[in-house]
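Predicted model, so just to flag it, every value in this text is computed and none were measured.
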Amino acid sequence: MKLDEIRPGVYQATLTAHELSALLAGARMSLSLMDQDPSGVTAEARGALAGVLESFDAALARTRAGQGEQPPGTEAAPPDA
């Protein structure tokens with residue numbers, strides 16, 4: 001993993017797919033735990049994490065669309081033979 005601060009407060013990360021997957025899984029698990037047990041969680045913290053994940057999902061969808069891929073869960077059903 002490589003992390004560079006390209007200007008104050010803005011970082012550029014170079015990660016393997018495995019590293020990115022681990023970070024996202026941790027973020028999604030944290031959000032799920034915040035929803036299950038909101039004690040000690042601020043609305044601001046939950047909203048920030050949810051926003052980051054929504055932004056990532058939107059960027060991934062744009063990337064896949066640009067590559068001609070179908071977003072997961074939208075594949076057409078196979079025709080009956």
Side-chain angles (χ1 to χ4, degrees):
M1 181 182 306
K2 181 180 176 189
L3 188 62
D4 295 308
E5 187 173 19
I6 56 176
R7 62 180 180 269
V10 178
Y11 293 85
Q12 181 174 357
T14 304
L15 316 133
T16 65
H18 180 77
E19 291 165 336
L20 181 58
S21 178
L23 288 171
L24 289 167
R28 292 187 197 285
M29 288 189 326
S30 293
L31 187 59
S32 178
L33 289 172
M34 288 177 180
D35 290 339
Q36 291 176 19
D37 182 12
S39 62
V41 176
T42 65
E44 182 180 7
R46 193 215 172 277
L49 183 54
V52 167
L53 289 170
E54 288 170 9
S55 293
F56 174 82
D57 291 340
L60 182 59
R62 286 190 304 273
T63 299
R64 286 182 170 162
Q67 296 171 350
E69 294 180 30
Q70 291 278 81
T74 63
E75 297 86 6
D80 293 332

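Listed by first and then second residue, the side-chain hydrogen bond (donor to acceptor under 3.5 Å, both in side chains) pairs involving residues 42-51 are Asp35-Arg46 (not counting sequence neighbours).
By the side-chain contact (heavy atoms from CB on, under 4.5 Å) test, Met1 pairs with Leu15, Glu19, Leu23, sequence neighbours left out. Considering only residues two or more places apart in sequence or on other chains, Ser32 meets the side chain to side chain donor-acceptor pair (under 3.5 Å) condition with Gln36. When the salt bridge (Lys or Arg N to Asp or Glu O under 4.0 Å) test is applied to Asp4, the partners found at least two apart in sequence or on another chain are Lys2.
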Donor-acceptor contacts under 3.5 Å from residues 50-62 side chains, at least two apart:
| unit_1 | atom_1 | unit_2 | atom_2 | d |
| --- | --- | --- | --- | --- |
| Ser55 | OG | Gly51 | O | 3.0 |
| Asp57 | OD1 | Arg28 | NH2 | 2.5 |
| Asp57 | OD2 | Arg28 | NH1 | 3.4 |

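Taking each heavy atom of Ala27 and Leu49 in turn, the nearest pair found is O-CD2, 3.6 Å. Taking all atoms of both residues into account, the shortest heavy-atom contact from Asp37 to Val41 is O-CG2, 4.0 Å.
Other residues sharing a hydrophobic cluster with Ile6 under the 4.5 Å side-chain heavy-atom criterion for ILVMFWY residues are Val10. Within the hydrophobic cluster formed by Ile, Leu, Val, Met, Phe, Trp and Tyr side chains joined at under 4.5 Å, directly or through other members, Leu3 is accompanied by Tyr11.
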